[in-house]
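One structure is given here, and the rest of the page talks about it.
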Amino acid sequence: MKKSDPSWPPSRQLLRKNMVAARGGRKDEVDVLRTAFWYAEIKARLSASSAYEIENTLEPNAFGKNKDGDPIHRNKWPKYEVGQHVPNDTLVTQVDLTLPGTKRLLNHTLWKALKTKNGVNENIDDWLRQLAPDIQKIIFNTDRHSPGNSYRRASISRRQLKMLERRAGIDALACLTILLRESCNQGEQAIALEIGASLYRVLLILCTTAPAGDFALELLDTYREQIFSLVRYEGRRFYLEDCDFLDAVSLLNMLLLALEDNGLIGVGWDDSVQAVCKLLDGGYGQGFNVKFAVAPLIGPDKPLTDANAKAYRDLERQKQFRQWGKEQIFSSTREVLPPIELW
């Protein structure tokens with residue numbers, strides 16, 4: 001995980017410190033992240049400005065006086081903000097009565113799938129059954145020849161992956177995470193590489209809005225180390241270290257704002273998801289610009305040798321394509337394809 005930036009607020013620095021400290025201990029870094037997500041969702045939905053305000057709204061009984069008449073309160077919500085402690089189920093259930101859906105967010109299948117110490121094969125069907133119905137429709141087919149029209153898993157295809165991208169959200173992200181881990185466990189690294197590319201795009205889309213956008217680097221760090229690192233195909237891997245992920249998210253946000261300002265899309269979450277998918281597919285007159293500009297890098301997983309020199313040249317070409325895409329987005333005279341010398 002990258003070091004904290006001194007310019008970040010103390011709470012952000014402490015969150016990253018807690019994630020690092022959780023490694024190898026009784027608590028998992030994913031527990032730190034999911035608690036911070038839960039807190040951020042609550043803060044946003046209450047339009048609260050501080051942990052104190054959240055506690056005062058949701059737990060007014062936490063405030064009182066001691067025997068000397070001095071005011072006291074438990075002051076535990078700042079610890080949730082930085083993932084220091086996972087809230088107990090009683091509190092989580094109580095909060096969910098006021099803010100429905102927050103309990104599901106804290107206990108979402110995504111967090112289980114991100115913990116690589118959790119076995120996939122024995123949990124996969126159970127995990128997938130916990131996802132939203134529209135996600136399940138993509139990955140399960142009705143078996144009309146069996147009693148009661150039972151369901152069976154569908155084979156992963158590019159069409160399915162595209163459908164999941166167009167439903168970018170925490171359930172689609174969880175689904176792709178589970179599918180990638182399953183493919184790696186089964187030695188199907190070719191499809192794992194394709195799933196990984198879709199997973200990266202869904203991460204980008206999610207991080208164009210809160211609360212995911214508030215934890216973009218933490219999410220990328222966790223995925224790079226826990227999930228993308230599992231993919232190895234014909235000597236290639238995802239190159240996400242020192243990745244300009246935040247630049248890619250900022251670029252997508254800039255394009256979305258421009259589309260909104262010009263009245264080409266609405267301001268809702270679904271509008272944004274579909275707009276980013278369209279941008280990545282060359283829509284709104286962008287051609288290949290956006291696709292190249294924000295694409296993940298895939299390159300050799302071993303030091304340079306004569307045997308993998310071609311893979312290194314391909315990696316450099318990908319970097320040039322990305323730079324070309326960024327330049328074209330801001331150019332008044334766009335090219336349809338990268339110049340021949342880049343190919």
Side-chain angles (χ1 to χ4, degrees), residues 1-44 50-51 54 75-89 91-92 95 102-120 127 170 173-174 176-178 180-181 196 199-200 202-204 206-231 237-250 296:
M1 180 174 287
K2 298 177 182 178
K3 294 182 180 179
S4 299
D5 188 321
S7 65
W8 291 346
S11 60
R12 181 74 177 277
Q13 295 186 49
L14 186 53
L15 168 63
R16 293 179 70 81
K17 181 179 178 182
N18 287 339
M19 289 181 70
V20 172
R23 293 180 181 174
R26 294 172 56 192
K27 187 167 57 174
D28 193 290
E29 65 181 282
V30 175
D31 290 325
V32 177
L33 186 56
R34 72 185 178 101
T35 301
F37 252 78
W38 176 76
Y39 173 92
E41 176 72 9
I42 290 169
K43 183 178 180 181
S50 66
I54 294 174
N75 200 32
K76 59 188 177 182
W77 282 85
K79 297 177 182 177
Y80 299 146
E81 180 179 13
V82 296
Q84 189 170 338
H85 293 306
V86 178
N88 62 48
D89 191 60
L91 174 61
V92 173
V95 171
T102 51
K103 182 173 183 176
R104 182 175 187 264
L105 175 61
L106 179 68
N107 299 320
H108 199 278
T109 307
L110 172 67
W111 311 120
K112 301 172 189 174
L114 269 176
K115 295 180 180 181
T116 51
K117 61 187 177 185
N118 288 341
V120 173
W127 286 352
I170 192 169
L173 185 65
L176 288 166
T177 304
I178 294 166
L180 187 146
R181 286 193 59 191
L199 179 57
Y200 185 83
V202 169
L203 275 173
L204 278 175
L206 265 177
C207 287
T208 59
T209 137
D214 298 332
F215 306 101
L217 280 181
E218 288 78 12
L219 270 173
L220 181 67
D221 283 340
T222 301
Y223 265 93
R224 184 183 64 245
E225 294 157 14
Q226 301 279 68
I227 303 300
F228 287 111
S229 62
L230 301 174
V231 183
R237 67 175 177 86
F238 284 96
Y239 267 68
L240 300 180
E241 60 273 21
D242 300 321
C243 176
D244 56 354
F245 187 73
L246 284 185
D247 288 343
V249 171
S250 297

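Quick caveat, the model's predicted, so the values are computed rather than measured.
- Taken to the nearest 0.5 Å, the CG atom of Leu217 stands 9.0 Å off from the CZ atom of Arg224.
- When side chains are defined from C-beta on, His85 does not count as touching Thr35, because their heavy atoms never get closer than 4.5 Å.
- The side chain to side chain contact (heavy atoms under 4.5 Å, CB included) test with Thr177 singles out one residue from Val202, Leu203, Ile227, Thr109, and that residue is Ile227.
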Using the side-chain contact (heavy atoms from CB on, under 4.5 Å) rule, take Val86 and Tyr80 through it: C-alpha gap first, then chi angles, then the decisive distance, then the call.
CA-CA 7 Å; Val86 178; Tyr80 299 146; over 6 Å; no
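- Here the two rings, on Phe228 and Phe238, have centers that are under 6.0 Å apart.
- When all heavy atoms of Ile170 and Leu206 are compared, the closest pair comes out as N-CD2, 4.3 Å.
- Residues Leu106 and Phe37 have side chains not in contact (no heavy-atom distance under 4.5 Å, counting atoms from C-beta outward).
- Here the closest heavy-atom approach between residue Asp28 and residue Ala22 is recorded as C-CB, 3.8 Å.
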Arg181/Leu230 under side-chain contact (heavy atoms from CB on, under 4.5 Å): CA gap, chis, key distance, verdict
CA-CA 8 Å; Arg181 286 193 59 191; Leu230 301 174; 4.0 Å; yes
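- Annotation: side-chain contact (heavy atoms from CB on, under 4.5 Å) contacts of Asp247 (sequence neighbours excluded): Asp244.
- Side chains of Lys17 and Leu14 form a contact here, defined as non-hydrogen atoms less than 4.5 Å apart.
- The salt bridge (Lys or Arg N to Asp or Glu O under 4.0 Å) search around Glu41 returns Arg45, not counting sequence neighbours.
- Within the 3.5 Å criterion, the main-chain N or O of Val82 finds a donor-acceptor partner in the side chain of Asn18.
- In terms of heavy atoms, Thr222 sits closest to Glu29 at OG1-OE1, 3.7 Å.
- The distance from the NZ atom of Lys76 to the CD atom of Gln84 is 14.0 Å, given to the nearest 0.5 Å.
- Shown here for Pro211 and Ala40, the closest heavy-atom pair between the two residues is CB-CB, 3.9 Å.
- Between Trp127 and Trp111, the ring center distance fails the sub-6.0 Å criterion.
- A distance of 8.5 Å separates CG of Leu33 from CG of Leu110, quoted to the nearest 0.5 Å.
- Counting heavy atoms from C-beta on, the side chains of Arg34 and Asn107 come closer than 4.5 Å.
- Between Arg237 and Val231 the shortest side-chain heavy-atom distance does not fall below 4.5 Å.
- A distance of 12.5 Å separates CZ of Arg16 from OG of Ser11, quoted to the nearest 0.5 Å.
- When side chains are defined from C-beta on, Val92 counts as touching Trp38, because their heavy atoms get closer than 4.5 Å.
- The shortest distance between side-chain heavy atoms of Trp77 and Ile42 falls below 4.5 Å.
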Might you work through the side-chain contact (heavy atoms from CB on, under 4.5 Å) test for Lys43 and Ile54, ending with a clear yes or no?
CA-CA 7 Å; Lys43 183 178 180 181; Ile54 294 174; 3.7 Å; yes
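- Residue Ala36 comes nearest to Leu15 through the heavy atom pair CB-CD1, 3.8 Å, listed as atom of the first residue, atom of the second, then distance.
- Taking all atoms of both residues into account, the shortest heavy-atom contact from Pro296 to Leu240 is CB-CD2, 4.3 Å.
- Within the 4.5 Å cutoff, side-chain heavy atoms of Glu218 are placed close to those of Arg12.
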In sequence, state the C-alpha distance, the side-chain angles, and the governing distance for Phe245 and Cys207, and then conclude on side-chain contact (heavy atoms from CB on, under 4.5 Å).
CA-CA 10 Å; Phe245 187 73; Cys207 287; 3.9 Å; yes
